[in-house]
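Note on naming: letters A, B, ... go to the chains in the order of the sequence lines (proteins, then strands), and numbering restarts at 1 for each one. Values in this document were obtained by computation on a predicted structure and should not be read as measured data.
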There are 2 protein chains.
Amino acid sequence: MKLAAGVEWAIHCCVVLSRADGPVPAQRLAEFHGVSPTYLAKSLQALSRAGLVAALEGRVGGYVLSRPAAEISVLDVVLAVDGPEPAFRCTEIRQNGPFGAKPEECQEMCSVARVMANAENAWRGALAEVSIADIGAYVAGITPAAQAEAVRAWLAN
Amino acid sequence: MKLAAGVEWAIHCCVVLSRADGPVPAQRLAEFHGVSPTYLAKSLQALSRAGLVAALEGRVGGYVLSRPAAEISVLDVVLAVDGPEPAFRCTEIRQNGPFGAKPEECQEMCSVARVMANAENAWRGALAEVSIADIGAYVAGITPAAQAEAVRAWLAN
DNA sequence: GGATCATTACTCGGATAGTGAGTGTCCGAGTTGAAGCGG
DNA sequence: CCGCTTCAACTCGGACACTCACTATCCGAGTAATGATCC
């Protein structure tokens, strides 16, 4: 199992956007994080499609959070970038082979699939409980408010 | 995020092995589940490397659970086949870019990484609580004991 | 008849190709702000 | 001085190559049962 790298970038971008005043272009977000500008744009497009951020075109355009940071959970960002389908997809191999079960016997979910689904719900629940606003400073020894101010200052350049 | 298909096969194989009496060859497990024999062998090798199953060579060889099914968690199987590294790997992008933090400021884990790690721990915890023995019948309307007997009968052929 | 030994068939194990999603990149469509011009 | 027009620069969005892990496969090394052979 491997989570796409774009997910990490998207979460960090949402945190930065929550601390910015106006719209921030993708180019600038990429410069801030030192990552590929073009590929980061792809992740931001996913956030835009999901309605988490609003894309403002034009000369002073950029991305803005479409909701307060406290109302955007980390799960929202992960699902938007990585896709909503669960990691485990039951292929119904219980219906395969000479000992396979008949389709009419498979109304209920497979036991294995149920276990995996429960685990995935636990994972999603943990991510749903944390909002972008809950993510404090990136580094220890500095208050979130102070770092937020520093980020704003850097964005203003 | 996508979980390897071999994980599903491995879990089902462990359940079948827990109900078998003697060793079961990979060829037979593949026939039972109607999947590619050669690729299933690869997943079983992973289980063998992890010490979850014992491989008996020779004419009447095959795979046997090396521990009671109640002492093998689903998490053990998933980690053996899919690898122990977590799905989310922090790339420390907080150290990148002109605003990057210095390495000496990054002794503590990144806030984002911490959130993701907590979620992953919840996921693993849910899988660790379920053992192979806890997985009942694959289909509804049949008791686990009855299906276990049927599986044994099919394996005896 | 019993023990020994070569045979043989069967098993696992790692090394070898094919494929799809993720990764990285590019250029075009659209919009906004500002500058220039005329009244 | 004010309003309009034109322009230009900047933004996002989707379409196009590249890479690596997962999928699928093959053949060789090793082992235990089996059958024949000899005492």
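Follow the hydrophobic side-chain contacts under 4.5 Å out from Leu75(A) and you reach Val112(B) in the same cluster. Ile72(A) and Val64(A) fall into different hydrophobic clusters, where Ile, Leu, Val, Met, Phe, Trp and Tyr residues are linked whenever their side-chain heavy atoms come under 4.5 Å apart, directly or through other members. Hydrophobic clustering, with ILVMFWY side chains joined whenever heavy atoms are under 4.5 angstrom apart, groups Ile142(B) together with Phe32(B). Linking ILVMFWY side-chain heavy atoms closer than 4.5 Å, directly or via other members, places Trp154(B) and Leu17(B) in a single hydrophobic cluster. Tyr39(A) and Val7(A) fall within a single hydrophobic cluster, where Ile, Leu, Val, Met, Phe, Trp and Tyr side chains are chained together by heavy-atom contacts under 4.5 Å.
Regarding contacts with the backbone of dT11(C), every side-chain N or O of Gln27(B) stays at 4.0 angstrom or more from both OP1 and OP2. Here Ser36(A) does not reach the OP1 or OP2 of dT23(C): none of its side-chain N or O atoms lies under 4.0 Å away. For Tyr39(A) and dA17(D), the shortest distance from a side-chain N or O to OP1 or OP2 is not below 4.0 Å.
The nearest whole Å value for the distance from the CD atom in Gln45(A) to the P atom in dT11(D) is 15 Å. Note: NZ (Lys2(A)) to C1' (dG22(C)) measures 6 Å, nearest angstrom. What separates NZ of Lys42(A) from P of dT11(D) is a distance of 20 Å, to the nearest Å. The distance from atom CG of Leu40(B) to atom P of dT11(C) is 14 Å, rounded to the nearest whole Å. For Arg28(B) and dA9(C), the CZ to P distance is 19 Å, given to the nearest whole Å. Atom pair Leu44(A):CG and dG24(C):C1' shows a separation of 15 Å (rounding to whole Å applied). What separates CZ of Arg59(B) from P of dA33(D) is a distance of 10 Å, to the nearest Å. Taking atom CG on Leu3(A) and atom C1' on dA21(C), their separation rounds to 14 Å, with Å as the unit.
Nucleotides of DNA chain D nearest to Gly61(A) and Met1(A) differ in position, and the one nearer the 5' end is that of Gly61(A). The 5' end of DNA chain D is approached more closely, in terms of each residue's nearest nucleotide, by Asp82(B) than by the other of Val60(B) and Asp82(B). If Ala41(A) and Ala5(A) are placed on DNA chain C by their nearest nucleotide, the residue sitting closer to the 5' end is Ala5(A).
Glu8(B) and Glu92(A) make their closest contact through OE2-N, 3.9 Å (heavy atoms, listed as atom of the first residue, atom of the second, distance).
Across residues 48-58 of chain B, Glu57(B), Gly58(B) each have a non-hydrogen atom less than 4.0 Å from an atom of DNA chain D (numbered order).
Listed nucleotides: dT25(C), dG22(C), dC10(C). Nearest to the side chain of Thr38(A): dT25(C).
In this structure, Gln147(A) places its CD atom where more than 12 heavy-atom neighbours from other residues, nucleotides or ligands lie under 6.0 Å away.
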